[in-house]
*Asks:* 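Take a look at the following structure, please.
Model, not experiment: these values are computed from the prediction.
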Amino acid sequence: MEGDVKLMYGYWNKIIRINLTNKTSSSESIKEELWRKYLGGSGLGAKLLYDEIKPDTDPLGPDNKIFFLTGPFCGTNIPTSGRHAAVTKSPLTGIFAESDVGGSWGYELKRAGYDGIIIEGKADSPVYLYIDDSKIEIKDARHIWGKDTYETDELLKKELSPDVQVMSIGPAGENLVKFAAIMTDGKDGRALGRCGIGAVMGSKNLKAIAVKGARSVSVFDRERLSKTIRDIAPGIKEATVNMTKFGTSGGVIGHESYGNFPLGNWKVGRWPEGAEKISGQKMAETILVKNYRCKGCIIGCGRVVKIEEGPYKGVDGAGPEYETIGTLGGLCLIDNLEAIAYANELCNRYGMDTITTGGVIAFAMELYERGIITKQDTDGLDVKFGNAEAMVELVKMIAERRGIGKILAEGVRQAAREIGGLAGEYALHVKGLEPPAHDPRAYNGVALSYATSNRGACHLAGFTHGFERVFAMPELGYDKPHDRLLIEGKAEFVAKMQNLMGVFDSIKLCKFMLQGGLRISTIVEWIKSVIGWEDYSFEELMITGERIFNIKRMFNVKCGISRKEDTLPMRFLTLKRKGPGIMVNLPHLGKMLSDYYEYRGWSEEGIPEESKLKELDLI
């Protein structure tokens, strides 16, 4: 990091460093070569984490840091580029953590003249940050401590300005729930959801970051950029029309039909009637009010829902997305869409990851079903699969750390250790992170990507599922979808997709753009138009993605990660999922992992070889 600022196109080359312990702030710049090597977002965040955080750092201690970073496309008129990432050491997994979000906050930070914020230290009492262009203030937050994220957004807008964009934690983050989220955009409920980054923010007594800006990002060739956007935007809108109509949960019925939708803590085969009741199509017919669009989005997959009568009356805001429907719904066998929408709103208000929340509740339901826990452990709750009232109450108990919620707030891995006995058999996670709503038995690429993702079980690290069933990726050498049950060549396919996704998470683009037909060559053209790197190539972009993936792996290696953690829960490897229309498959992880290490240039133990690190300019 440097003190002098070098002006660049696409970047302000200014990052704010906030030390909460001594209540100071400073502005720093980064060498252009680092921007080029890591782009921004989670790529640059991973590099800074690797350089600044020791492997034995307590994730909830003052020495941990949070890196909030945008990318060069954020603040331009490139569709879906209004995004930012957060990187830290996870309190849930103890290793590399990243989360990515759309909404408006990242765009507003860029308009304020900054590419990111580094948070370090710990305040001695609750505070929030206010950034208004060049003005940076650390303000007293005792009056909003304890408020939920919707209330916090409303109060800070009244206190500061209606134009301010707020990113905040709720009571779950304050209570150090290990999978607490950071929320933005008020009732529209955009989430930095995974890995417990909200708990890190809570451990620092940092309630919120409010930002307002009025500056325009400098672009190298705006006319050239605008032309490429005009050329592709209509095609993307047309290709994603169903996502606009039904949101991400429009895929629930289809995914359930061939065994991809999670059911009953991953042990149930089919559930067609239940899936139909909680689908995006059913939502559109019943509680949907309108679409929500992140800043600059041309797709509009976000849902806005309202419930005006019945036991869940009062829900008014962000509707549940596919992952939430899959975890709070399918995993728990809850077929009450209104109950799921209410639980989703509770998670948003408390500031809690819906994926892990659904995972820990389904885990508890299976333990209850098997007699490992009883009503004596659950404060009298009948925690059985399908009990919507119990699911909703458990959300509250977890966020407030009441009763069994105190144990479940640690995530399934630690909860299973505390409960003991056979509980570990039913605690599904990879490296401590609960799986999202895609079954790795339905896609071998998802299986391999879950096992090797740097933050734990993650479908977004490789984003392979769509390209194993529907979409082609000719620029990576795949003129048709890569057969989802294929083993040969799967390792190379997954590694290439992971590298590409590393670019998306760093340059700041929504991955749904790929499903709309965005070409990699267009991204290269945008880099030239926005930043002015005229010699930038397809090859450099893919090498950058590979470098980003490897720097994340190297941080994990420092934390003790190796081949032994690159695995899947035994249920995914040994329990056959059966039912009409399901092609029974158990992932051949050993073969794929061996091929993967060889392709990656890693050792038998899953450690990047010195020659690979030199090739990627990492040593």
Side-chain angles (χ1 to χ4, degrees), residues 16-25 59-62 64-68 84 86 88 91 97 99 101 103-106 108-109 112 114 116-132 135-193 195-212 346-353 399-401 409:
I16 305 169
R17 187 180 292 268
I18 303 286
N19 188 302
L20 294 173
T21 301
N22 56 29
K23 291 185 168 60
T24 61
S25 65
L60 296 179
N64 198 12
K65 303 180 184 183
I66 313 175
F67 304 89
F68 296 106
H84 68 284
T88 190
S99 196
V101 67
S104 305
W105 189 90
E108 201 68 23
L109 179 67
Y114 302 100
I117 304 172
I118 300 171
I119 304 294
E120 56 190 26
K122 177 182 179 178
D124 54 13
S125 63
V127 298
Y128 75 90
L129 304 182
Y130 179 40
I131 300 165
D132 183 356
K135 182 172 69 175
I136 302 170
E137 297 180 81
I138 301 174
K139 299 173 74 71
D140 191 334
R142 284 175 291 184
H143 63 300
I144 53 174
W145 196 257
K147 302 294 185 183
D148 71 37
T149 63
Y150 290 10
E151 293 169 326
T152 300
D153 183 84
E154 184 178 348
L155 287 168
L156 289 184
K157 279 181 162 61
K158 288 180 180 177
E159 184 173 316
L160 301 171
S161 164
D163 299 328
V164 78
Q165 292 297 331
V166 178
M167 179 172 68
S168 69
I169 59 170
E174 298 171 9
N175 293 333
L176 306 185
V177 172
K178 293 292 178 63
F179 43 93
I182 303 171
M183 306 298 297
T184 76
D185 289 58
K187 288 169 62 176
D188 290 316
R190 302 297 97 183
L192 287 160
C195 302
I197 301 177
V200 180
M201 196 159 150
S203 74
K204 297 182 176 300
N205 278 327
L206 178 60
K207 177 65 174 178
I209 304 177
V211 61
K212 183 163 70 80
L346 285 175
C347 286
N348 288 348
R349 285 180 176 273
Y350 282 123
M352 206 155 62
D353 174 23
E400 296 165 12
R401 282 187 173 270

*Asks:* Is there a donor-acceptor pair closer than 3.5 Å between any side-chain N or O of Ser99 and the backbone N or O of Ala86?
*Replies:* no

*Asks:* Please evaluate residues Ile209 and Ile119 with respect to the criterion side chain to side chain contact (heavy atoms under 4.5 Å, CB included), reporting the C-alpha separation (whole Å), side-chain torsions for both, the decisive distance (0.1 Å), and the verdict.
*Replies:* CA-CA 11 Å; Ile209 304 177; Ile119 304 294; 4.3 Å; yes

*Asks:* Can you see which heavy atom on Trp145 is nearest to which on Gly202, and at what distance?
*Replies:*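 The answer is CH2-O, 4.0 Å.
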
*Asks:* Could you give all pairs that pass the salt bridge (charged side-chain N to carboxylate O under 4.0 Å, His left out) test and reach residues 173-183, with sequence neighbours left out?
*Replies:*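 Listed once each, the pairs are Glu174-Lys207, Lys178-Glu410.
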
*Asks:* Using the side chain to side chain contact (heavy atoms under 4.5 Å, CB included) criterion, which residues pair with Lys187? Sequence neighbours excluded.
*Replies:*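 Applying side chain to side chain contact (heavy atoms under 4.5 Å, CB included) to Lys187 gives Tyr150, Asp316.
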
*Asks:* How many angstroms lie between atom CG of Leu206 and atom OH of Tyr128, to the nearest 0.5 angstrom?
*Replies:*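 Those atoms lie 11.5 Å apart.
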
*Asks:* Report the C-alpha distance between Ile182 and Phe68 in whole Å, list the side-chain angles of each, state the deciding distance to 0.1 Å, and finish with yes or no for side chain to side chain contact (heavy atoms under 4.5 Å, CB included).
*Replies:* CA-CA 11 Å; Ile182 303 171; Phe68 296 106; 3.9 Å; yes

*Asks:* Is it the case that the side chain of Lys147 and the backbone of Asp153 share a donor-acceptor pair, with hydrogens and angles ignored and the cut-off at 3.5 Å?
*Replies:*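 Side chain of Lys147 to backbone of Asp153: no pair is present.
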
*Asks:* Backbone N or O of Arg17 within a donor-acceptor pair of the Ser25 side chain at under 3.5 Å?
*Replies:*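 No, Ser25 side chain to Arg17 backbone: no donor-acceptor pair under 3.5 Å.
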
*Asks:* Walk me through it: do Asp124 and Lys23 pass the test salt bridge (charged side-chain N to carboxylate O under 4.0 Å, His left out)?
*Replies:* CA-CA 10 Å; Asp124 54 13; Lys23 291 185 168 60; 3.3 Å; yes

*Asks:* Could you measure the distance from the CD1 atom of Ile66 to the OG atom of Ser203? Nearest 0.5 Å is fine.
*Replies:*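 Answer rounded to 0.5 Å: 7.0 Å.
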
*Asks:* Looking only at heavy atoms, which two atoms of Arg190 and Gly103 are closest? And how far apart?
*Replies:*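 What the structure gives for the nearest pair is CG-CA, 3.7 Å.
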
*Asks:* Give me the atom names and distance for the closest heavy-atom approach of Gly193 to Asp353.
*Replies:*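 Closest approach of Gly193 to Asp353, heavy atoms only: O-CB, 3.0 Å.
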
*Asks:* Can you name the residues that form a salt bridge (charged side-chain N to carboxylate O under 4.0 Å, His left out) with Asp140, not counting sequence neighbours?
*Replies:*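 For Asp140, the residues satisfying salt bridge (charged side-chain N to carboxylate O under 4.0 Å, His left out) (neighbours in sequence not counted) are Arg142.
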
*Asks:* Minimum heavy-atom separation for Ser104 to Asp185, with atom names?
*Replies:*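 Minimum heavy-atom contact is N-OD1, 3.1 Å.
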
*Asks:* If I take atom NE2 from residue His143 and atom CD from residue Glu159, how far apart are they, to the nearest 0.5 angstrom?
*Replies:* 3.5 Å

*Asks:* Output all residues satisfying side chain to side chain contact (heavy atoms under 4.5 Å, CB included) with Lys212, sequence neighbours left out; order by chain, then residue number.
*Replies:*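 Only Glu108, Tyr130, Asp132, Ser161, Asp163, Val164 meet the side chain to side chain contact (heavy atoms under 4.5 Å, CB included) criterion with Lys212.
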
*Asks:* Holding to side chain to side chain contact (heavy atoms under 4.5 Å, CB included), I want the full list of residues that pass it with Lys158, two or more places apart in sequence or in another chain.
*Replies:* Glu154

*Asks:* Take Ile117 and Ile131 through the test side chain to side chain contact (heavy atoms under 4.5 Å, CB included) and record every step on the way to the result.
*Replies:* CA-CA 10 Å; Ile117 304 172; Ile131 300 165; 3.4 Å; yes

*Asks:* Within the 4.5 Å heavy-atom criterion, are Thr88 and Met201 side-chain neighbours or not?
*Replies:* no

*Asks:* Within a strict 4.5 Å, meaning less than it, do heavy atoms of the Thr184 and Gln165 side chains meet?
*Replies:*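 Contact flag for Thr184/Gln165 side chains = no.
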
*Asks:* Please report the shortest heavy-atom distance between Thr152 and Ala208, naming the atom on each side.
*Replies:* CG2-CB, 4.3 Å

*Asks:* With sequence neighbours excluded, tell me which residues meet side chain to side chain contact (heavy atoms under 4.5 Å, CB included) with Ala399.
*Replies:* Ala172, Tyr350, Met352

*Asks:* Is there a donor-acceptor contact under 3.5 Å linking the side chains of Thr24 and Asn19?
*Replies:*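 Not at all, the side chains of Thr24 and Asn19 share no donor-acceptor pair under 3.5 Å.
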
*Asks:* Around atom NZ of Lys122, are there more than 12 heavy atoms from other residues, nucleotides or ligands closer than 6.0 Å?
*Replies:* no

*Asks:* Considering all heavy atoms of both residues, which atom of Gly121 and which atom of Leu20 are nearest to each other, and what is their separation?
*Replies:* C-CB, 4.2 Å

*Asks:* If I take atom CG from residue Asn64 and atom CD1 from residue Ile197, how far apart are they, to the nearest 0.5 angstrom?
*Replies:* 10.0 Å

*Asks:* Would you compute the distance between atom CG of Leu60 and atom CG of Leu176 and round it to the nearest 0.5 angstrom?
*Replies:* 5.5 Å

*Asks:* What's the spacing between Asn348 CG and Thr149 OG1 if we round to 0.5 Å?
*Replies:* 6.5 Å

